[in-house]
Amino acid sequence: MVFDMDGSGIDAPALAEIIGPVGGDGQPLYRSLAGGLRRIIADGAVGAGKRLPPERALSIALGVSRVTVTSAYRELRESGWAEAVHGAGTFVATPSEETSWGTMMRLDGGPVLDFVNAAPEASPFLAGAYADAVANLRTTGHGYAPSGTIELRSAIADRYSRRGLPTTADQIVVTSGAGDAAHLVFETFARPGNRVLIEHPTYPGAVEALESAGAHAVPVPIDAADPDRFIEDADRAARQNAPTLAYLMPDFSNPSGARLSGNGRRRLAATLARHGVLTIADEVAADLVLDGGPEEPYGAPVPGAATISIGSLSKTVWGGLRVGWVRSDPELIARMARTYARRQLSVSIVEQATAVRLLGVFEDVLAARRTWLRGQRDLLASHMAAELPSWQFRIPDGGLSLWCALPDGLSSNDVVRRAAARDLLLAAGTRFGTGYAFDDRLRIPFTKPSGEIIAAVSVLAGTVSGDAGRGHPVEPAELVV
Ligand SMILES: Cc1ncc(COP(=O)(O)O)c(C=O)c1O
């Protein structure tokens, strides 16, 4: 390993700024700091061979004790991310396959590459928005805001209006994320035995939400290569099954990446209106446009069509923020507001105030997110093409993952099991379908830092070429987002 001895390593204030606030995640402070440093190294922000700042300087810049920094550096050294050079300091080590494996730890202490969820790390705008929200928190009054604060409902409504769907604050209910919003819609409008038309493949959380209301899914194939074909198929399925509801992701469907054309979404809305179907448009990924421009939001007025849009800041900002919403006409919103008030008195005021600030600079938030995701998508696609040339995928125009078709005879569940034994966690294609559908598919998110993406592809390539694994089976994760 060649170390950069001429002192051109990163200085303490600059490193402290990139790391951001340390702690608050329930772990000891030194672990949280070590995790932050690993993330930065995996991301390439501090390259291999660079000198890390002296412990004392970094402790001052971060406002933590020197012991915290010493312990964090020790953890990095022990896990192979850094090396001490006697008399010269601590240097970033060249990432080996083992050490570039990211920040999540298995229970027995080893590193895990977690590609189960298509969920990016926090936006760089989040910390500032939180700090400002807390600094300006008004603590008078009872602190409950059923349906959401007027400031946040207005900000969400304004964004819909700007996107081409005129909306007022009384058409919004704020929820704890889009998953919560989906539960709210099904709880309010689905009755046991009702049928709900879904895309196939689809987001598994939606199927769980509709089933928890006693409804049944009616799967209709969706194909990103020909998304508008869904309209005829949905028409036929609606004739045969008489669904009362439909759950769709018109923009960058999870996991297929399909996006309906502008004309297609109006035709679909008219078709479903003819069948008396109330449509839920999940727009969690609608703003994650990586190529091309925006489309009119699903639900722009089509006579007789009833649409409920759901969305959140989970993919544009951070899943940990827990701010989402439903949007519909005032009468349907009033019904959902009553259901929600029975379940949940209010979404956190600090989170709502943070969301208002983020929506105030949303174009900048989105620009940063899109640039980063575009880079990660292209990196994943190029490594996949080089290392797994027989796996096929479309490069999606947006969203968070590749939906890969596996070569003949390869089972997604098998690949996932074998990858888990090499500490790479993935969700099998079957998680996104009914029965055994999609065992010939695998979703690979591009929401991870570059080092982890590169490592994950090489683990997958080793998995299918039959290299010996390291033999530590890991429990498959329950949560798939
Ligand atoms: C399509 C879709 N809807 C909803 C959700 C849940 O989002 P939230 O974190 O806002 O509850 C996800 C999360 O992955 C998703 O992919």
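When a ligand or atom number is given, it counts from 1 through the structure's own listing order. Below, all heavy atoms of this structure are taken into account, side chains as well, without hydrogens, waters or symmetry copies.
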Would you mind checking which non-hydrogen protein atom is closest to atom 11 (O) of ligand 1, with the distance to 0.1 Å?
Gly179 N, 2.8 Å

N/O of Ser176 under 3.5 Å from N/O of ligand 1, yes or no?
no

Protein heavy atom at shortest distance from atom 8 (P) of ligand 1
Ser314 OG, 3.3 Å

Which atoms from ligand 1 have a heavy atom of Arg322 less than 4.0 Å away?
8 (P), 9 (O), 11 (O)

Honestly, is Arg441 close enough over Phe432, meaning NZ or CZ under 6.0 Å from the six-membered ring centre and within 45° of the axis?
no

Numbered atoms of ligand 1 (with element) below 4.0 Å of Gly177, judged on heavy atoms
10 (O), 11 (O)

Just heavy atoms, cut-off under 4.0 Å: does Ser312 contact ligand 1 by side chain, backbone, both, or neither?
side chain

Before giving the answer on salt bridge (Lys or Arg N to Asp or Glu O under 4.0 Å), spell out for Asp251 and Arg265 the whole-Å C-alpha distance, their side-chain angles and the decisive distance to 0.1 Å.
CA-CA 10 Å; Asp251 296 276; Arg265 54 190 75 198; 3.1 Å; yes

In terms of side-chain geometry, is the basic nitrogen of Arg369 or Asp287 positioned less than 4.0 Å from the acidic oxygen of its partner?
no

With ring centroids as reference points, do Tyr130 and Trp318 lie under 6.0 angstrom apart?
no

Among all protein heavy atoms, pick out the one at the shortest distance from atom 16 (O) of ligand 1; state its residue, atom name and that distance to 0.1 Å.
Asn254 ND2, 2.9 Å

Polar proximity ligand 1 side, Ala178 side, N/O cut 3.5 Å exclusive
yes

Please name the pair of heavy atoms, one in Ala258 and one in Pro227, separated by the smallest distance, quoted to 0.1 Å.
CB-CB, 4.2 Å

What residue and heavy atom of the protein are closest to atom 2 (C) of ligand 1, and at what distance?
Asp282 OD2, 3.4 Å

Should the pair Trp325 and Tyr160 be assigned to parallel (<30°), tilted (30 to 60°) or perpendicular (>60°) ring geometry?
perpendicular

At a 4.0 Å threshold, what atoms of ligand 1 neighbour a non-hydrogen atom of Lys315?
12 (C), 13 (C), 14 (O), 16 (O)

Give me the nearest non-hydrogen protein atom to atom 6 (C) of ligand 1 as residue plus atom name, then the distance to 0.1 Å.
Tyr203 OH, 3.4 Å

Which atoms from ligand 1 have a heavy atom of Met249 less than 4.0 Å away?
1 (C)

Within 6.0 Å of CZ in Arg159, more than 12 heavy atoms from elsewhere:
yes

Quick one: does ligand 1 sit under 4.0 Å from the side chain of Val284, the backbone, both or neither, non-hydrogen atoms only?
side chain

